[in-house]
Participant: 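Before anything else, here's the structure in question.
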Amino acid sequence: MVRLACEVDLVLLGIISEALLWITTGPGRMEATGIVLSRHPQVRFTAATTGSANLLVAVAAGDLGGLYTFLTTVIGSLDDVRGLEVTPILSSVKRTGLVR
């Protein structure tokens with residue numbers, strides 16, 4: 001099986017705000033929460049992880065207001081979210097295939 005992926009300069013799409021979300025859910029809701037989030041158009045990447053947070057989610061938004069709206073409406077509406085930490089991505093040094 002061949003799986004293709006491409007990397008696009010998000011600024012060209014009007015996206016200037018990115019963040020990593022470290023989400024803690026109950027063990028019984030981790031998979032369902034990850035699936036729901038992975039299907040959202042603003043989510044670039046979702047993974048189960050270990051440690052104090054059990055989901056890592058990469059999010060892209062048009063601006064900080066859009067990121068705030070994502071956090072309050074999408075994340076806020078999920079069942080059994082017990083903790084959330086947000087790491088804003090201020091700049092990217094290296095991305096696969098990105099040439100400026």
Participant: Tell me the salt bridge (charged side-chain N to carboxylate O under 4.0 Å, His left out) pairs involving residues 71-84, sequence neighbours left out?
Facilitator: D80-R82
Participant: Same cluster or not: I23 versus L20, using hydrophobic residues (I, L, V, M, F, W, Y) connected whenever any side-chain heavy atoms lie under 4.5 Å apart?
Facilitator: no
Participant: Of all heavy-atom pairs between Q42 and A61, which one has the smallest distance, and what is that distance?
Facilitator: NE2-CB, 3.5 Å
Participant: Can you name the side chain to side chain donor-acceptor pair (under 3.5 Å) partners of T87, sequence neighbours left out?
Facilitator: W22
Participant: Could you name each residue pair satisfying salt bridge (charged side-chain N to carboxylate O under 4.0 Å, His left out) that touches residues 20-43, not counting sequence neighbours?
Facilitator: none
Participant: Tabulate below the donor-acceptor pairs under 3.5 Å that side-chain atoms of residues 45-56 make, not counting sequence neighbours, or state none.
Facilitator:
unit_1, atom_1, unit_2, atom_2, d
N54, OD1, T25, N, 3.0
N54, OD1, T25, OG1, 3.4
N54, ND2, T25, O, 2.9

Participant: Could you walk me through whether V81 and T24 pass side-chain contact (heavy atoms from CB on, under 4.5 Å), step by step?
Facilitator: CA-CA 6 Å; V81 172; T24 305; over 6 Å; no
Participant: Residues two or more places apart in sequence or in another chain: which of them pass side-chain contact (heavy atoms from CB on, under 4.5 Å) with V74?
Facilitator: L37, H40, F70
Participant: Distance check, rounded to the nearest 0.5 Å: L67 atom CG versus D63 atom CG?
Facilitator: 9.0 Å
